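Structure first, then comments.
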Amino acid sequence: MKDKKTILITGAASGIGRETALLFARKGWFVGLLDISEEGLKSLRAEIGDCNCHAQYMDVADPVSVQEAVDAFAQLTGGSMHVLFNNAGVISFGRFDNVDIAKQLRTVDVNLKGVLNCTYMALRYLKATPGARIINMASTSAMYGVPDLSVYSATKHAMCALTEAWDIEFEQYDVTVSDILAPYVRTPLLDVPDTVYSIEKMGVKIEPETVAKTVWKAVHGKRLHRKMGISTYLLNALFWAAPFLRRPVVKSLTMPPD
């Protein structure tokens, strides 16, 4: 595996992470699979094959767990890490005061602190690998604060800020940083019991396989913020041309009429 390119994927057991792992494995890469779902990891490892991947339990919110998992992967690759894909994430729908504060804080722990933990622990290996990349999984919700997703949206705003700052900071190490902004993707994160107005309004039109292909493009491209979906491009154009419309447009897409 030391002669293969290497990618470490958080949240690899399902959805976007799983499809990205399968794609990169088919392309001949050695894939690190990290997740809290040991059952999902076991299934994915069996599909990819032990010689093409390393799977390990890891909680991105726990620095000790992250350090152990990142180091274990690097030991197998001779210290090589061509790509870190910060993909792990959680989401809680609902008005801020209707969502338990423990869930809100867990969103911050996973979506923001988790990215800090993983990037910090992996950076020594990325710096030692010429032309290394960090890909952060952001969201269309990073473009404007989204009702019913306020904390999630805030963590994705932060993701884009980290991408911009790190891409400048890490340039001296030959490490490039970029992110992917996608609207709703058909993953288990959207398996919620209650109706969500913004999902009904905008629909779920992006598949995990499509995001995985975008990750591949991001690894081999130069774009800092890579947008996905017609809705993302339309909102971006509208917000640029008429910034005064941002609030009413977001409100109309996320808040049911009185």
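Note that the coordinates shown come from a computational prediction; the quantities given were computed from them, not determined experimentally. Count residues from 1 along the sequence.
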| Steps toward side-chain contact (heavy atoms from CB on, under 4.5 Å) verdict (Glu19, Val211) | CA-CA 8 Å; Glu19 293 302 326; Val211 182; over 6 Å; no

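- Counting non-hydrogen atoms of neighbouring residues, nucleotides and ligands closer than 6.0 angstrom, the CD1 atom of Ile36 reaches no more than 12 such neighbours.
- At a threshold of 4.5 Å between non-hydrogen side-chain atoms, the residues Val175 and Trp166 do not count as touching.
- A cation-pi geometry, defined here as NZ or CZ lying under 6.0 Å from the six-membered ring centre and within 45° of its normal, holds between Lys127 and Tyr173.
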Contacts table for residues 213-221: side-chain donor-acceptor under 3.5 angstrom, sequence neighbours left out:
unit_1	atom_1	unit_2	atom_2	d
Thr214	OG1	Thr210	O	3.0
His220	ND1	Trp216	O	2.8

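- For the residue pair Lys103 and Val99, the shortest heavy atom distance occurs at CB-CG1, 3.9 Å.
- Counting only heavy atoms from C-beta outward, the side chains of Leu235 and Tyr144 never approach each other to under 4.5 Å.
- Minimum heavy-atom separation, Ser252 to Lys201: O-CE, 3.7 Å.
- A donor-acceptor pair is defined here as one N or O able to donate and one able to accept, closer than 3.5 Å; no such pair exists between the side chain of Lys113 and the backbone of Val60.
- Side-chain N or O atoms of Thr119 include none that pairs as donor or acceptor with a backbone N or O of Leu116 at under 3.5 Å.
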| Steps toward side-chain contact (heavy atoms from CB on, under 4.5 Å) verdict (Met58, Glu68) | CA-CA 8 Å; Met58 186 190 77; Glu68 291 175 350; over 6 Å; no

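- A donor-acceptor contact shorter than 3.5 Å is absent between the side chain of Asn136 and the backbone of Ala138.
- No more than 12 heavy-atom neighbours from other residues, nucleotides or ligands sit within 6.0 angstrom of CZ on Phe96.
- A heavy-atom distance below 4.5 Å is found between the side chains of Tyr184 and Ser198.
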| Is there a side-chain contact (heavy atoms from CB on, under 4.5 Å) between Asp148 and Thr254 once you walk through the steps? | CA-CA 8 Å; Asp148 275 345; Thr254 59; 5.9 Å; no

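- Between Ser92 and Val151, every side-chain heavy-atom pair lies at or beyond the 4.5 Å cut-off.
- Considering only heavy atoms from C-beta on, Lys205 stays 4.5 Å or farther from Ser231 through its side chain.
- One distance of note links CZ of Phe239 with CG of Leu234; it measures 10.5 Å at 0.5 Å rounding.
- Put simply, the side chain of Arg186 gets close to the backbone of Val204: a donor and an acceptor are under 3.5 Å apart.
- Here the closest non-hydrogen pair linking Leu126 and Arg133 is CD2-O, 3.8 Å.
- Shown here for Leu34 and Ala69, the closest heavy-atom pair between the two residues is CD2-CB, 3.9 Å.
- In this structure, Lys5 NZ and Thr129 OG1 are separated by 10.5 Å, a value rounded to the nearest 0.5 Å.
- Looking only at distances, a side-chain donor or acceptor of Asp35 sits under 3.5 Å from a matching main-chain atom of Ala12.
- Residues Val31 and Leu76 do not share a hydrophobic cluster, defined by chaining ILVMFWY side chains whose heavy atoms lie under 4.5 Å apart.
- Between Tyr125 and Thr6, every side-chain heavy-atom pair lies at or beyond the 4.5 Å cut-off.
- In terms of heavy atoms, Met81 sits closest to Leu8 at CE-CD2, 3.7 Å.
- Within 6.0 Å of the CD atom in Gln172, the count of heavy atoms belonging to other residues, nucleotides or ligands exceeds 12.
- In Ile230, the CD1 atom is not crowded: 12 or fewer heavy atoms of neighbouring residues, nucleotides or ligands sit closer than 6.0 Å.
- When atom types are taken as modelled, the side chain of His82 and the backbone of Ala132 share no donor-acceptor pair closer than 3.5 angstrom.
- With rounding to the nearest 0.5 Å, the separation of CD1 in Ile7 from CH2 in Trp29 is 6.0 Å.
- In the hydrophobic cluster analysis, where Ile, Leu, Val, Met, Phe, Trp and Tyr join through side-chain heavy atoms closer than 4.5 angstrom, Leu33 is grouped together with Leu23.
- A distance of 10.0 Å separates CD in Glu38 from CD in Gln56, rounded to the nearest 0.5 Å.
- Between Ala88 and Thr10, the shortest heavy-atom contact is N-OG1, 2.9 Å.
- Within 6.0 Å of CD in Glu169 there are more than 12 heavy atoms belonging to other residues, nucleotides or ligands.
- Panel note: side chain Asp174, backbone Pro130; no donor-acceptor pair is recorded below 3.5 Å.
- Looking only at side-chain heavy atoms (C-beta outward), Asn52 and Lys4 come within less than 4.5 Å of each other.
- Under a 3.5 Å cut-off, the side chain of Ser65 and the backbone N or O of Asp59 do form a donor-acceptor pair.
- Side chains of Ile134 and Asn86 form a contact here, defined as non-hydrogen atoms less than 4.5 Å apart.
- Although no hydrogens or angles enter the test, the distance criterion places no donor-acceptor pair under 3.5 Å between the side chain of Ser153 and the main chain of Ala142.
- Rounding to the nearest 0.5 Å gives a distance of 10.0 Å between CG of Asn111 and OG of Ser139.
- No continuous path of ILVMFWY side-chain contacts below 4.5 Å connects Val146 to Val185, so the two sit in separate hydrophobic clusters.
- Enclosure of atom OH in Tyr120 is not indicated, since only 12 or fewer non-hydrogen atoms of other residues, nucleotides or ligands lie within 6.0 angstrom.
- For the atom pair Thr107 OG1 and Ile91 CD1, the distance stands at 8.0 Å (nearest 0.5 Å).
- Looking at Arg246, its side chain does come within 3.5 Å of a backbone N or O of Pro243 through a donor-acceptor pair.
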